[in-house]
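Here the structure is laid out as structure tokens; the discussion comes afterwards.
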2 protein chains.
Amino acid sequence: MQSQKKSAIQPERDIGKQLRAVGITPTQQRVQIAEILFARPQHLSADQILASVNSLGTTASKATIYNTLGLFARRGLIREVIVDPVKVFYDSNTSTHHHFFNLDSGELTDIDADKVVVTNLPELPGDTQLEGIDIIFRVRSSHPHEEN
Amino acid sequence: MQSQKKSAIQPERDIGKQLRAVGITPTQQRVQIAEILFARPQHLSADQILASVNSLGTTASKATIYNTLGLFARRGLIREVIVDPVKVFYDSNTSTHHHFFNLDSGELTDIDADKVVVTNLPELPGDTQLEGIDIIFRVRSSHPHEEN
DNA sequence: TCAGTAAATTAGATAAAGTCTATTTTGTTG
DNA sequence: CAACAAAATAGACTTTATCTAATTTACTGA
């Protein structure tokens, strides 16, 4: 035992194991990114993650952020949410759920899967397999809506 | 009557009326863009529309394409479809329907509204009003899926 | 018909997200 | 610790979209 605090949880270790479990070598940057994402269920942009990582002493380049997020997404650790035409959100909640997207604030919030019931799924186009279903409720903050 | 062909349909005239009906001054560029979009229900990117317009003799600048598409969307003539992280699709079918998005080909296809039944809508977050619901079935062309 | 004015269009500069490349650094394994 | 593969990096580059300042067009009323 390498004389380390032992009572404290060791998120690095845990997260390292989790990453290894899905075949990802837990490098410093990846662990850092994972810690930020998995601190709680949330929706973050690549930019926000870059800023978080770099404000915590650790550093990671933009390329690494994108590489890592892509990797995590392909491995099913996070989910890409495409609702904002200018940027992708990375959702650390991978259980089935849907989203509200506030067009005015750009805010993204979760909707529990059981709040929406979808029946009668359409049959898929020939030779395709389903990757996922995204259900997005686009809302606006209620103020007399200007239209022009 | 200004000695014009009369038997032929006059799409410019019709589209002009349609645009006026929603308070849009039918300029040459707008009519051209509308003609392309409304020729049939389809999903086009700004880039494709720009190329179409400019291949037809008429010209429109990039700025006008974006201005016009934004205007049409705000007026409810077309619907913005956000499924591809790199570009927006403009859908000339404004009746309620959903989409398949093929992640491999980037192809977007319609799903009739009656093919998907959604019950149990969630209650909206405080002080928001619903603008629309997007349901996207993300599919992949079926070939042994590589994951890395 | 024409002048005046507001609305629309334009070229090109700019912004921002994301990707790519060539190089360096790190991690692992014997 | 040497050697090799995997990962990280800086910064150039690409693409979509927006913005700006100037020009052109379309409509109005006399």
Side-chain angles (χ1 to χ4, degrees), chain A residues 12-13 15-17 19-20 22-34 36 43-54 56-75 77-78 80-90 103 106 108 147-148, chain B residues 12-13 15-17 19-20 22-34 43-54 56-75 77-78 80-90 103 106 108 148:
Chain A
E12 320 81 40
R13 176 79 54 80
I15 285 186
K17 277 185 185 168
L19 294 180
R20 281 229 159 76
V22 293
I24 295 176
T25 307
T27 64
Q28 199 188 153
Q29 289 84 346
R30 288 169 174 175
V31 169
Q32 198 62 243
I33 293 168
I36 289 164
H43 312 102
L44 296 173
S45 65
D47 212 50
Q48 290 177 301
I49 293 166
L50 179 60
S52 276
V53 170
N54 291 342
L56 293 175
T58 334
T59 59
S61 67
K62 190 169 49 145
T64 296
I65 298 293
Y66 281 104
N67 287 343
T68 302
L69 291 171
L71 180 61
F72 284 8
R74 282 193 304 279
R75 290 302 211 283
L77 298 178
I78 58 179
E80 292 180 329
V81 182
I82 297 158
V83 281
D84 185 328
V86 313
K87 62 180 179 297
V88 172
F89 283 108
Y90 295 89
L103 295 160
L108 192 60
E147 180 193 300
N148 257 311
Chain B
E12 321 81 39
R13 175 79 54 81
I15 285 186
K17 277 185 184 168
L19 295 181
R20 281 228 158 78
V22 293
I24 294 175
T25 307
T27 64
Q28 196 186 155
Q29 288 84 346
R30 287 168 174 174
V31 169
Q32 198 62 243
I33 294 168
H43 311 103
L44 296 172
S45 65
D47 212 49
Q48 290 176 301
I49 294 167
L50 179 60
S52 275
V53 169
N54 291 342
L56 292 176
T58 333
T59 58
S61 67
K62 192 171 44 150
T64 296
I65 299 292
Y66 281 104
N67 288 344
T68 301
L69 290 172
L71 179 62
F72 284 8
R74 284 192 304 278
R75 290 302 211 284
L77 298 178
I78 58 178
E80 291 179 330
V81 182
I82 296 158
V83 281
D84 185 326
V86 314
K87 61 177 179 298
V88 172
F89 283 108
Y90 295 89
L103 296 160
L108 192 59
N148 258 312

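For the numbers below, each heavy atom of this structure counts, side chains included, while hydrogens, waters and symmetry mates do not. Just so we're on the same page: letters track the sequence lines, and every chain starts at 1.
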Applying the side chain to side chain contact (heavy atoms under 4.5 Å, CB included) test to B:Phe72, which of B:Val22, B:Asn67, B:Leu77 qualifies? B:Leu77
N/O (side chain, A:Ser61) to phosphate O (OP1/OP2, D:dG11) under 4.0 Å: no
Taken to the nearest 0.5 Å, the spacing of B:Leu50 CG from B:Ile33 CD1 works out to 8.5 Å
Roughly, in whole Å, what's the span from NZ in A:Lys87 to C1' in D:dT16? 15 Å
To 10°, what angle do the rotation axes through the five end pairs on each side of the helix from C:dT1-D:dA30 to C:dG30-D:dC1 form? 30°
In whole Å, I'd like the distance from the CG atom of B:Leu44 to the P atom of D:dT16. 14 Å
C:dG27, OP1 or OP2 - any side-chain N/O from A:Thr25 closer than 4.0 Å? no
How close or far is atom P of C:dT10 from atom CZ of B:Arg30, stated in whole angstroms? 11 Å
Looking for any heavy atom pair under 4.0 Å, which part of the strands does B:Thr27 touch: base, sugar-phosphate only, or nothing? sugar-phosphate
Quick one: pull up CD1 in A:Ile65 and OH in A:Tyr90 and give me the separation to the nearest 0.5 Å. 10.5 Å
Quick one: A:Gln32 CD to D:dT9 P, roughly how many Å, whole number? 12 Å
Atom-pair distance (CD1 on A:Ile24; C1' on C:dG27), nearest Å: 16 Å
Does B:Tyr66 make a side-chain N or O approach to OP1 or OP2 of D:dA17 shorter than 4.0 Å? yes
Atom pair distance, as rounded to whole Å: CG in B:Asp84 and C1' in D:dA17: 14 Å
Using only atom types and a distance under 3.5 Å, with no angle test, would you say the side chain of A:Asn54 pairs donor to acceptor with the backbone of A:Ala60? yes
Give A:Ser45 one of three labels, base, sugar-phosphate or nothing, depending on what nucleic acid heavy atoms sit under 4.0 Å from its own. nothing
Look at B:Arg20 and D:dC27 and indicate whether a side-chain polar atom (N or O) is within less than 4.0 Å of OP1 or OP2. yes
Between B:Asp47 and A:Gln28, which has a closest nucleotide on DNA chain D that is more 5'? A:Gln28
Considering only heavy atoms and no angle criterion, is a donor-acceptor pair shorter than 3.5 Å present between the side chain of A:Lys62 and the base of D:dG11? no
Between B:Gln29 and D:dT25, is there a side-chain N or O to OP1/OP2 distance below 4.0 Å? no
Output the rounded distance in Å from CD1 (A:Ile33) to P (D:dA8). 8 Å
Ignoring hydrogens and angles, tell me if any N or O in the side chain of A:His43 forms a donor-acceptor pair with the backbone of A:Phe89 under 3.5 Å. no
By nearest nucleotide on DNA chain D, pick out whichever of A:Pro85 and A:Thr64 is the more 5' one. A:Thr64
To the closest 0.5 Å, what do you measure between CG (B:Asp47) and NZ (B:Lys87)? 8.5 Å
Mind checking the OG-CD spacing from B:Ser61 to B:Gln29? Nearest 0.5 Å is all I need. 7.5 Å
Whole-Å distance separating the CG atom of B:Asn67 from the C1' atom of D:dT25: 15 Å
Walking DNA chain C from its 5' end, the first of A:Pro26 and B:Ile65 to be reached, judged by nearest nucleotide, is B:Ile65
Straight-line distance of B:Arg30 CZ to B:Ile24 CD1, nearest 0.5 Å: 6.5 Å
